[in-house]
Amino acid sequence: MKKRLKSILALIISVTICFSSVYFCFAEETISNDDATVQDSDFLLGDVNGDGSVTAADARLAIRFAGKLDYLTEEQQTAADYDGDGAVKISDARKILRVSAFLDPYGKDSPLVAITTETTTAEPVTETTTAAKSTERTYSYEPSNLFSVSYAQYAVLYDYDNDVILYGKNMHSPCHPASTTKLITACLGCEYLSADYVLTVGSEQYLVETNTSRAGIYIGQKIKFSEILKCLLVPSGCDAAYTIAVTVARVASGNSNMSASSALSYFVNMMNEYAAKLGMNDSHFANPDGFPNSNHYVSAYDMMIIGTKAYSFSLIRNVVNQPYATAYFVSGGSKTYTNSNELINPNSSRYYQYAVGIKTGSHSQAGQCLVCAAVKYIDNTGKYKTFIAVVMNCPSKAARYTDLKSLFNTGFSYFWR
């Protein structure tokens, strides 16, 4: 039964998309009186019966259709009750859809479905949850002695769903971020550029430090933002970081003629302002790629914050979870890269089946670093559980992967406690 429930929930996202215009004639059983509708002017993802609104009935129909069921058993009803408050509601339907696509279940502006204010003719039902909404994260600290790391000098484990930090080691101490810096560069790109925005590689390439990791882009090349993100995050291309940086600076400033060096300085200021806005109070940035600089430092806590922010962008999530990625250039040609994060590569001995990203970093001054997210389906609850972990200054790649797996495995076990 547990395996069947897992399959049912995994199919919900495809069922609701493929059959949103079809009416399914199933008899209604009483599960909840929350049949209020949610109007969505852009895309009614979840409108299974095609009546122009998303209701609790749609959630039940989607689950029943996926499992070819005439009715829902008590156990199946529990699996559909995402909030665990004893009732299947439209809010549960939306959360299940988001989780199936690895989105923040509590996000109000999902890339898959635009949610507007709920209206109801029935008695209002208040959602109860310990999780903070995506724009209201507080990162409360409730440490447990169950967690530890063997190698990392700085570490954090964050319960993404419940907005709770479960473990921290020297988490506010300054350290070198190396290429994990590229997460804030990627985030700023997502804030200012659309996926189809075409960037032109320019003279900023002369500003890239020698002996850095590169994606092999060249001056004059044109590439969409969604594609250059692959160059930035998969092989950890410093050349891509500089092109994104100067492009974002010119767009944000409204000055398309800004020189590469001026645009780079402008972008660095943007990085520090963005970090301050997110609450990254232990950090200061001096470049877009993480090349060592005495004025460029972070804390594990701050990297947890930017990792969480990066995870909220579908453009970033869809790149960092690929073991191999091919970037296609508007000017012609393509390049295929291998992800520097071995946890997501099934062909690697370090593969971890629940890992879904996010960014590696390494340098002699920074050691081995990794900001990583992991998502696991919990059979007994019918829900997905997400953790974000940070390990900084590990002595080797093997050490950083060992520490991360330990934090995640204990975290998924801790979930039951």
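When reading the values below, keep in mind they use all heavy atoms of this one structure, side chains included, and skip hydrogens, waters and symmetry mates. Count residues from 1 along the sequence.
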Going by atom types only, do Ser262 and Ser259 share a side-chain donor-acceptor pair under 3.5 Å? yes
Okay, side chain of Asp159, backbone of Ile165: is any donor-acceptor separation there less than 3.5 Å? no
Which pairs count as salt bridge (Lys or Arg N to Asp or Glu O under 4.0 Å) when at least one residue sits in residues 337-359, sequence neighbours excluded? Glu342-Arg350
Just to verify, what does Asn170 make a side-chain hydrogen bond (donor to acceptor under 3.5 Å, both in side chains) with, not counting sequence neighbours? none
Applying side-chain hydrogen bond (donor to acceptor under 3.5 Å, both in side chains) to Asn409 and not counting sequence neighbours gives Tyr352
Could you check, using the six-membered ring where one of them is a Trp, whether Tyr377 and Tyr354 have ring centers closer than 6.0 angstrom? no
Listed by chain and number, what are the side chain to side chain contact (heavy atoms under 4.5 Å, CB included) partners of Pro143, not counting sequence neighbours? Tyr141
Does Phe412 have its ring centroid less than 6.0 Å away from the ring centroid of Phe387? yes
Quick one: closest heavy-atom pair of Leu264 and Val246, and the distance? N-CG1, 4.2 Å
Output all residues satisfying side-chain hydrogen bond (donor to acceptor under 3.5 Å, both in side chains) with Tyr324, sequence neighbours left out; order by chain, then residue number. Asn345, Asn347
Quick check: are there more than 12 heavy atoms from other residues, nucleotides or ligands sitting under 6.0 Å from NZ of Lys397? no
Partners meeting side chain to side chain contact (heavy atoms under 4.5 Å, CB included) with Thr336 (sequence neighbours left out): Thr326
Can you confirm whether Cys394 sits close enough to Val391 that some side-chain heavy atom of one is under 4.5 Å from a side-chain heavy atom of the other? yes
Please list all pairs passing the salt bridge (Lys or Arg N to Asp or Glu O under 4.0 Å) test where one or both residues lie in residues 236-254, with sequence neighbours left out. none
Tyr414 and Phe147: side-chain contact (heavy atoms from CB on, under 4.5 Å), yes or no, with the steps? CA-CA 9 Å; Tyr414 178 89; Phe147 300 94; 3.8 Å; yes
Looking at every non-hydrogen atom in both residues, tell me the closest pair between Val319 and Val234 and how far apart they are. CG1-CG2, 3.7 Å
Does Tyr192 have more than 12 heavy atoms from other residues, nucleotides or ligands lying within 6.0 Å of its OH? no
Look at the side chain of Gln205 and the backbone N and O of Val201, then say whether any donor-acceptor pair between them is shorter than 3.5 Å. no
Please report, to 0.1 Å, the donor-acceptor pairs under 3.5 Å made by any side chain of residues 221-229, with sequence neighbours excluded.
{"from": "Gln221", "atom 1": "OE1", "to": "Tyr218", "atom 2": "N", "distance (Å)": "3.0"}
{"from": "Lys222", "atom 1": "NZ", "to": "Thr200", "atom 2": "OG1", "distance (Å)": "2.9"}
{"from": "Ser226", "atom 1": "OG", "to": "Ala195", "atom 2": "O", "distance (Å)": "3.3"}
{"from": "Glu227", "atom 1": "OE1", "to": "Lys230", "atom 2": "NZ", "distance (Å)": "3.2"}
{"from": "Glu227", "atom 1": "OE1", "to": "Tyr328", "atom 2": "N", "distance (Å)": "2.8"}
{"from": "Glu227", "atom 1": "OE2", "to": "Lys230", "atom 2": "NZ", "distance (Å)": "3.3"}

So does Gly237 get a backbone contact from the side chain of Arg214, meaning a donor-acceptor N/O pair under 3.5 Å? no
Closest heavy-atom contact between Gly279 and Asp302? O-OD1, 4.0 Å
Heavy-atom side-chain proximity of Asp289 to Thr181 below 4.5 angstrom: no
Looking only at heavy atoms, which two atoms of Val356 and Ala374 are closest? And how far apart? CG2-N, 4.2 Å
For the ring pair Tyr160 and Tyr311, is the centre-to-centre distance below 6.0 Å? yes
Without swapping roles, check the side chain of Asp403 against the backbone of Val149 for a donor-acceptor pair under 3.5 Å. no
Side chains of Tyr242 and Asn287 in contact at under 4.5 Å (non-hydrogen atoms): yes
Any pair counted as ring-ring contact (aromatic ring centres under 6.0 Å, His included), so long as it reaches residues 273-309, sequence neighbours left out: His172-Tyr301, Phe285-His296
Under the side-chain hydrogen bond (donor to acceptor under 3.5 Å, both in side chains) test, residues paired with Ser140 that sit two or more places apart: none
Side-chain donor/acceptor of Ser348 to backbone N/O of Ile344, under 3.5 Å: no
Of all heavy-atom pairs linking Asp161 and Lys385, the shortest is OD2-CD, 3.3 Å
All side chain to side chain contact (heavy atoms under 4.5 Å, CB included) counterparts of Ala276, not counting sequence neighbours: none
Taking Lys182 for the side chain and Ser236 for the main chain, is one N or O donor matched with an acceptor at less than 3.5 Å? yes
Would you say the side chain of Leu370 lies within less than 4.5 Å of the side chain of Tyr401, judging by non-hydrogen atoms? yes
Set of residues satisfying side chain to side chain contact (heavy atoms under 4.5 Å, CB included) with respect to Cys175, sequence neighbours excluded: Tyr154, Val298, Met392
